[in-house]
Amino acid sequence: MSKTKLGTTVLAWIIVFVTVTQSFTVSAMTVFESDGMHHEEGYIVIGESHNGLAAHALGMKAQETNNVISLGENNDIYYEFRWDSSREVTNDGKANTFIMKGNMFFVFEGINAGVDDVCQTSQQYIYSDGKGGRGKGVQKIHEILNTNPNIAHWNIISFHGAVSASKGSKQIADFYVNSYRNWINYEFPEADCYFLSVSTMTKYYRSTPDRKVFNNTIKAAFPNQFLDYTDFYAARTSKRMVDTIHFDHATYVELFTDVILRISQMRQKEEQSQTPEEAPKVPVEFTVTEVQAVLGTNEQTVIYAQPSLDSNVLFASCEIGLPIQVTGITSNGFFRICVSPDGSESYVAGDGLTPLLK
């Protein structure tokens with residue numbers, strides 16, 4: 001086993017290990033800071049032990065490139081992650097402070113066994129009643145929003161439910177649906193909310209009576225916000241896993257870079273659908289009476305490509321008093337003129353030319 005995989009395995013077991021024979025008095029400290037930079041898009045991911053591993057994996061990846069993971073215009077991840085003992089430690093002295101800043105944040109509790117895991121795996125963590133009653137995870141999302149006014153638009157992604165899905169219960173899945181609906185309508189109406197599928201094909205779910213009910217219930221309720229990564233997980237199950245439920249660091253990096261790019265594509269598609277299509281331009285129908293005259297420009301002179309105020313403007317204004325060769329008058333009230341060296345025709349509305357002063 002490589003050192004990287006060994007470290008991931010140890011971290012995973014620290015996160016999920018539960019000790020019930022000891023009384024705990026300390027908990028994790030997640031600190032969400034602002035980098036003060038303007039970001040068009042921000043990303044908040046809420047979850048459980050998967051989320052803790054993802055936060056660490058993305059942090060290591062970002063450190064390789066000066067805390068920026070480049071994904072293209074308005075998609076770059078600015079992410080600084082520090083895991084230390086500066087504010088909190090576990091009962092056995094392990095670092096349990098998680099500090100994040102940039103335009104990506106992960107909401108979870110920590111690695112204090114018997115306390116943090118119990119809190120963050122509860123369905124109450126993502127709870128919202130739509131009236132101000134909210135779980136600890138939802139409170140933390142609001143904290144991030146309030147701390148980062150420099151981010152123009154937020155994308156909130158729930159990666160929660162790994163433990164809840166193991167119950168195989170439609171009732172529990174409905175609890176998530178009701179809370180998520182309150183996220184959209186009450187908690188975060190200005191943000192886009194997305195719900196990531198849970199990888200229930202792993203060994204952790206061997207005894208689950210219905211492995212599909214959790215994902216299927218949320219997908220049915222939010223077909224446009226549900227991000228189905230079943231095939232992604234299945235392709236990496238066993239080969240890329242560090243225990244019966246968690247994946248290696250590379251998998252979480254691949255997952256969330258793909259999630260962000262996918263959200264960006266969905267956002268662009270929605271913006272395009274909301275932009276009204278331009279009505280096709282109807283060809284201008286007119287006849288021309290041939291004339292030969294010289295008239296002068298005035299304050300109203302605008303030169304058009306066709307005898308229509310809706311056609312392309314070649315010159316929005318002209319110096320007053322310039323002589324213009326008029327070659328015809330159209331039936332819809334335009335002068336046909338010739339001002340181009342190649343002899344191509346253009347047009348001026350009837351009030352845009354006047355007789356030259358002698």
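No experiment lies behind these values; they were computed from the predicted model shown.
Aromatic ring centres of Phe105 and Phe81 lie farther apart than the 6.0 Å criterion allows. Annotation: Phe32 is not in aromatic contact with Phe98 [ring centroid separation under 6.0 Å not met].
Annotation: side-chain hydrogen bond (donor to acceptor under 3.5 Å, both in side chains) contacts of Ser158 (sequence neighbours excluded): Tyr180. Listed by chain and number, the residues in a side-chain hydrogen bond (donor to acceptor under 3.5 Å, both in side chains) with Asp258 are Tyr229 (sequence neighbours excluded). By the side-chain hydrogen bond (donor to acceptor under 3.5 Å, both in side chains) test, Thr230 is found to be paired with Asp228, residues two or more places apart in sequence or in another chain being considered. For Glu254, the salt bridge (charged side-chain N to carboxylate O under 4.0 Å, His left out) partners two or more places apart in sequence, or in a different chain, are Arg236, Arg240. By the side-chain hydrogen bond (donor to acceptor under 3.5 Å, both in side chains) test, Asp129 is found to be paired with no residue, residues two or more places apart in sequence or in another chain being considered. Taking Glu190 as the reference, nothing meets the salt bridge (charged side-chain N to carboxylate O under 4.0 Å, His left out) condition, with sequence neighbours excluded. Residues that satisfy the salt bridge (charged side-chain N to carboxylate O under 4.0 Å, His left out) test with Arg267, not counting sequence neighbours, are Glu41. When the salt bridge (charged side-chain N to carboxylate O under 4.0 Å, His left out) test is applied to Lys167, no partner is found at least two apart in sequence or on another chain.
Thr90 places a side-chain N or O within 3.5 Å of a backbone atom of Lys94 that can act as its donor or acceptor partner. At distances below 3.5 Å, at least one donor-acceptor pair connects side-chain atoms of Thr147 with backbone N or O atoms of Glu143.
Glu88 CD to Met29 CE: the interatomic distance, rounded to the nearest 0.5 Å, is 4.5 Å.
Identified under the side-chain hydrogen bond (donor to acceptor under 3.5 Å, both in side chains) test for residues 192-204, with sequence neighbours left out: His153-Asp192.
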Which pairs would a plain distance check flag for residues 345-357, meaning a side-chain donor or acceptor within less than 3.5 Å of a matching protein atom at least two apart in sequence or in another chain?
none

Under the ring-ring contact (aromatic ring centres under 6.0 Å, His included) rule, what do Phe226 and Phe195 come out as? Steps first, then yes or no, please. CA-CA 5 Å; Phe226 184 76; Phe195 313 110; 8.2 Å; no
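The aromatic rings of His56 and His249 sit perpendicular to each other, their planes meeting at more than 60°, with 30° as the lower class boundary. Phe159 and Tyr252 have perpendicular rings, their planes meeting at more than 60° on a 0 to 90° scale where under 30° would count as parallel.
Here the side chains of Asp76 and Ile69 are not in contact, with every heavy-atom distance at 4.5 Å or above. In this structure, Glu80 and Glu33 have side chains that are not in contact, with every pair of non-hydrogen atoms separated by 4.5 Å or more. By the 4.5 Å heavy-atom criterion applied to side chains, Val288 and Ile329 are not counted as neighbours. Proximity of Thr97 to Ser85: side-chain heavy atoms (C-beta onward) are nowhere separated by under 4.5 Å. No side-chain heavy atom of Tyr304 sits less than 4.5 Å from a side-chain heavy atom of Asn312. Looking at heavy atoms from C-beta onward, Ile245 lies in side-chain contact with Tyr205 at the 4.5 angstrom threshold. Looking at Leu58 and Val253, their side chains come closer than 4.5 Å, going by heavy atoms from C-beta outward. Annotation: side chain of Phe222 is in contact with side chain of Arg181 (closest heavy-atom distance under 4.5 Å).
Inspection of the Lys101 and Ser34 side chains reveals no N or O donor paired with an N or O acceptor under 3.5 Å. Ser164 and Gln123 share no donor-acceptor pair across their side chains, judged by distance under 3.5 Å alone. Side-chain atoms of Asp248 and Thr251 form a donor-acceptor pair, as typed in the model, at a separation below 3.5 Å. Counting only N and O atoms by type, the side chains of Arg336 and Thr327 include a donor and acceptor under 3.5 Å apart.
The 12-atom threshold is exceeded at OH of Tyr186, counting heavy atoms of other residues, nucleotides or ligands nearer than 6.0 Å. Counting non-hydrogen atoms of other residues, nucleotides and ligands closer than 6.0 Å to CG of Asn146 gives a total above 12. No more than 12 heavy atoms of other residues, nucleotides or ligands lie within 6.0 Å of CD in Gln171, so this atom counts as exposed by the packing criterion.
Cluster partners of Leu322: none. The rule joins Ile, Leu, Val, Met, Phe, Trp and Tyr whenever side-chain heavy atoms lie under 4.5 Å apart, and it links nothing here. Here Val213 sits alone; no ILVMFWY side chain lies under 4.5 Å from its own, so it joins no hydrophobic cluster.
Hydrophobic clustering, with ILVMFWY side chains joined whenever heavy atoms are under 4.5 angstrom apart, keeps Tyr78 apart from Met100.
Residue Tyr125 forms a side chain to side chain donor-acceptor pair (under 3.5 Å) with just one option from Arg134, Gln139, Glu109, and that option is Glu109.
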